[in-house]
Structures are given as structure tokens and as C-alpha cells.
Visitor: 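Pasting a structure below so you can have a look.
Within every chain, numbering begins at 1; the chains are lettered A, B, ... in the order of the sequence lines, protein sequences first and strands thereafter. Only a predicted model underlies this, so the values are computations on that prediction, with no experimental measurement involved.
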There are 2 protein chains.
Amino acid sequence: MKKKAEERREQILRAAFQAVSDKGYETVTLQDIADYAGVSKGVTNYYFENKEDVFLSLLEWVTDRIYQQEYKAVSKQTTAIEKLEAYLYSVFINPEKNKKFYKVYLDFMAQASRNPQYRQINLKFYENCWKIGRDIVSLGQKEGTFSPDIHVDTASKMIRSIIDGCLIQWLMRDEDHLHEFYKNTCYEVILKYLK
Amino acid sequence: MKKKAEERREQILRAAFQAVSDKGYETVTLQDIADYAGVSKGVTNYYFENKEDVFLSLLEWVTDRIYQQEYKAVSKQTTAIEKLEAYLYSVFINPEKNKKFYKVYLDFMAQASRNPQYRQINLKFYENCWKIGRDIVSLGQKEGTFSPDIHVDTASKMIRSIIDGCLIQWLMRDEDHLHEFYKNTCYEVILKYLK
DNA sequence: AAAATTATTCTGTCCGGTCAAAATATTTTT
DNA sequence: AAAAATATTTTGACCGGACAGAATAATTTT
């Protein structure tokens with residue numbers, strides 16, 4: 001029972017994710033989401049309060065998935081450098097997925113700039129990312145790989161700023177082959193900053 | 001004749017800028033823009049082809065103004081460090097203006113991720129910004145202030161990525177007092193990267 | 001058959017773009 | 001320089017279309 005309902009919700013969120021990525025946050029209608037999910041309009045209204053509820057759930061779902069991926073990738077490694085590399089490989093996963101996510105993410109940030117509910121969810125995502133950054137930086141300091149002068153909290157914020165800045169610029173330039181370039185230079189900038 | 005028309009267009013763009021900043025790209029109606037400009041609805045359609053034409057013009061107008069400011073600030077200085085500082089002071093102008101611009105800019109980037117027309121205008125903005133970055137970096141190398149190993153084109157792209165990444169993160173955190181923090185750390189990261 | 005779930009239809013609201021008429025400005029004529 | 005004629009600008013009512021959410025109907029599950 002509960003299982004079924006949870007699957008249904010996820011099916012709808014997955015569909016909403018694709019729909020928003022294709023058409024944009026404001027353009028997508030409940031009908032679109034239903035169409036993408038291959039269900040009728042009533043279903044969406046049954047599993048979610050209203051349109052906003054779908055979108056809030058979507059942002060939470062999608063940022064959480066990204067964070068889980070990043071966390072998993074970093075956990076597998078042992079040294080700070082390995083972890084940092086794994087983090088970046090997980091973030092810069094590939095052009096298709098990055099495009100899909102950042103299109104939607106930009107939409108949501110635009111919303112978040114005016115709507116505290118979205119901002120709240122994004123802040124949770126930030127805090128998760130910062131945590132990953134902090135762990136890497138403080139491990140690196142313990143190892144002696146990174147400079148002890150770096151302020152751990154500050155660095156974790158900068159790491160995420162650089163990542164997002166690079167991926168947004170990459171997305172705006174709309175050339176898949178530049179993905180490698182931004183991944184590598186992003187890594188270099190961060191590394192140089194931490195050393 | 002022409003003068004009057006140009007003024008009218010700017011009046012409408014200025015109003016549209018404020019309206020979009022307040023309400024968001026998709027929410028703003030032609031009526032809103034007219035209201036903000038203190039004119040009737042028909043006027044907007046008289047001076048612009050349609051709604052999209054207003055928005056395309058707005059993005060071009062607003063990014064151009066920003067670039068002009070940055071360029072002017074940098075031009076006044078002579079050494080690479082001074083220019084870099086001036087650039088960052090011009091970018092991180094103050095919380096109010098940054099908020100107003102980045103709210104609108106995020107909206108447009110979300111659009112640009114799916115619409116090549118917006119992307120084109122943004123690319124022009126990027127190229128202007130990169131040019132500023134390149135000039136600063138190559139001057140710094142000539143002076144011996146910055147490392148000669150840095151690739152100038154690459155650096156100019158990174159500078160803008162870091163700036164946008166920082167300001168977006170700052171906007172999402174919605175705490176004016178963090179503006180100083182992001183300005184300073186943004187500067188430090190860039191400087192450490194260039195040295 | 002009662003309850004839960006899914007499909008379809010309806011309704012009120014809102015918006016972009018049009019347009020004819022009014023208002024205003026400019027030019028020409030007397 | 002006043003009046004008339006013409007051009008430009010402004011206004012807001014209106015239309016067609018789209019959509020969210022509600023209501024209702026149909027179907028499936030228990």
C-alpha cells in the first residue's frame with residue numbers, strides 16, 4: 001500500500017523532473033507532468049496537494065539524490081586528494097546529466113531568490129555539500145596535504161561556489177566538449193586554493 | 001523625435017527591470033510593466049514588438065549597463081592588483097543592487113538554458129567580462145605580479161565563474177551581512193589562483 | 001458493495017496581443 | 001500667428017486561448 005504510493009510519487013517526480021528540464025519551471029503544466037508520467041491529470045492531484053507541492057517535493061528529491069551520489073563517491077576514497085577528485089568526478093558526472101540537473105536547478109534558484117520555501121530546501125542542499133567540503137579540507141589538513149592556514153568553513157563555501165559557477169558558465173556556453181575543460185580547471189583552481 | 005522614443009523605451013525597460021526583480025520573469029505581465037512605468041498597457045506594445053522583445057531588450061540593456069560600470073571602474077586603475085580590486089568592488093557593488101541584478105539575471109539564465117536568443121545575449125556579456133579578466137591577468141603577468149604559468153584565457157573564464165558562483169550562493173543565503181564575506185573570499189581565491 | 005484510486009469534464013481566472021477611438025503633438029496653410 | 005490638417009502617441013475594452021483546481025464519473029481493489 002504505502003510502497004505503491006511511494007513509487008507513484010517517485011514516478012511523478014521523475015516525470016516532473018524531465019518535464020521541467022525540457023520545458024522550464026513556469027511553462028510546465030500539471031497536464032504536462034501527467035503526460036510525461038503516462039497517467040491522467042487526476043493522479044497528480046491525488047498524490048500532491050497542488051502544483052507548488054509537486055515542485056517543492058521535486059526540488060527536495062532532486063537535490064537529495066545529487067547529494068547522496070556525491071557523498072557515496074567521496075566515502076569510497078581515503079585520502080583528501082582522492083576524495084576531492086571523487087567529489088568533482090561525481091559533480092561533473094557527464095554533459096547530459098549536468099545539463100538536465102542544472103537547467104532545473106537554475107529554474108529553482110530563480111524561484112528561490114523570491115520564495116523562502118525553495119530557499120530553505122536549497123539551503124539544506126548547500127549544507128550537505130558544505131559538509132562534504134569541510135570533511136575533505138580538514139582531512140587534507142590533518143594529512144598535511146592542504147595548507148593549515150585555510151579556514152575550513154570558508155573553504156567549503158568557496159568549493160561549492162566555484163563548482164556552481166563553473167557548471168553554470170559551462171551550461172550557458174552550450175558546448176558539450178567544454179565539459180572536460182571546466183571540470184579540470186575547476187579542480188585546479190580548488191586545489192591551488194587549498195594548497 | 002527619436003530621442004523621445006529612446007527615452008520611452010528606457011523608461012519601460014527600467015520599469016520591467018524592477019517588475020521582474022520583484023515578481024519574477026514568468027510572473028510579470030505586460031500590465032505589471034505598464035503599471036511600474038506609469039503608462040497604459042498599450043504603450044509597451046507600441047514601443048516593443050511583443051513581450052519577448054521587451055525581455056530580450058531588457059537582458060541586453062541590463063547586462064550592458066553592468067559591463068560598462070565594470071569597465072569604467074577597471075579603466076581608472078593602473079596596476080593589475082588595483083584593477084582586480086576595482087573590478088571586484090564594481091561587481092560586489094552593494095547588497096541591494098546585487099540582489100536586484102542577480103534575481104533578474106538568474107531568471108534570464110534559466111530562460112537562456114533553453115532559449116538560444118537569451119543565451120546569445122548572455123554570451124556577449126560573458127565575452128565582455130572575459131575581456132576585462134584577460135586584460136587584468138596579462139597586465140599582471142607583464143608586471144610580474146601574477147604567475148607566468150597561468151593561461152590567460154582560462155583564467156578569465158575562472159574569474160567570472162568564481163564571481164558568479166559566489167554571488168549566487170550569497171543571494172541564496174539571503175543574509176546581507178555575508179556580502180562582505182563573499183566579496184573578500186572571492187578576491188582571495190582569485191588572487192591565490194593568479195599568483 | 002464499500003473504499004480507494006484513476007480518468008474526465010467543468011469552471012472561473014488570467015493574460016497576451018489587437019484595435020478603434022481619443023488625446024496630443026507637429027506641420028502646413030491661410 | 002491663428003486655424004486647419006496631418007501625424008504620432010496613448011488608452012483601455014475586448015477576444016481567444018490556456019491553465020489550475022474542483023467536481024464528477026468511472027474503474028479497480030479490498
Visitor: Sub-3.5 Å donor-acceptor pair from the side chain of Q141(A) to the main-chain atoms of S147(A), do we have one?
Guide: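 Answer holds: yes.
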
Visitor: Got a sec? Which of residues 37-61 of chain B come in under 4.0 Å of DNA chain D, heavy atoms?
Guide: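 Going residue by residue through residues 37-61 of chain B, the ones with a heavy atom under 4.0 Å of DNA chain D turn out to be V39(B), S40(B), G42(B), V43(B), Y46(B), Y47(B).
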
Visitor: Does CZ in F181(B) sit with more than 12 non-hydrogen atoms of other residues, nucleotides or ligands closer than 6.0 Å?
Guide: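 More than 12 heavy atoms, drawn from other residues, nucleotides or ligands, come within 6.0 Å of this atom.
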
Visitor: Return the value, rounded to whole Å, for the distance between atom CG of D35(A) and atom P of dT6(C).
Guide: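 One finds 16 Å between P of dT6(C) and CG of D35(A), rounded.
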
Visitor: Find out whether E60(A) and F55(A) are in side-chain contact, i.e. whether some heavy atom of one side chain is under 4.5 Å from a heavy atom of the other.
Guide: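 A side-chain contact is absent here, since even the closest heavy-atom pair is not under 4.5 Å.
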
Visitor: Donor-acceptor pair, D107(A) side chain versus D107(B) backbone, under 3.5 Å?
Guide: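 Checked: no pair found.
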
Visitor: Below 4.0 angstrom from OP1 or OP2 of dT5(C), is there any side-chain N or O of R8(A)?
Guide: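 Negative; the distance criterion is not met.
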
Visitor: Between Y25(A) and F108(A) (judged by ring centroids, cut-off 6.0 Å), do the two rings come close enough to count as a pair?
Guide: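 That pair passes the under 6.0 Å test.
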
Visitor: Using the ring of each side chain (for Trp, its six-membered ring), is Y105(B) parallel, tilted or perpendicular to Y102(B), with breaks at 30° and 60°?
Guide: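 Perpendicular.
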
Visitor: What is the minimum heavy-atom distance between V54(B) and I33(B), and which atoms define it?
Guide: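 Shortest heavy-atom contact: CG1-CD1, 4.2 Å.
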
Visitor: Going by number, which of residues 16-33 of chain B have a non-hydrogen atom under 4.0 Å from DNA chain D?
Guide: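 Listed by number, there are none.
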
Visitor: With side chains defined as the heavy atoms from C-beta onward, is the minimum distance between R9(A) and F48(A) less than 4.5 Å?
Guide: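 Touching, per the 4.5 Å side-chain cut-off.
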
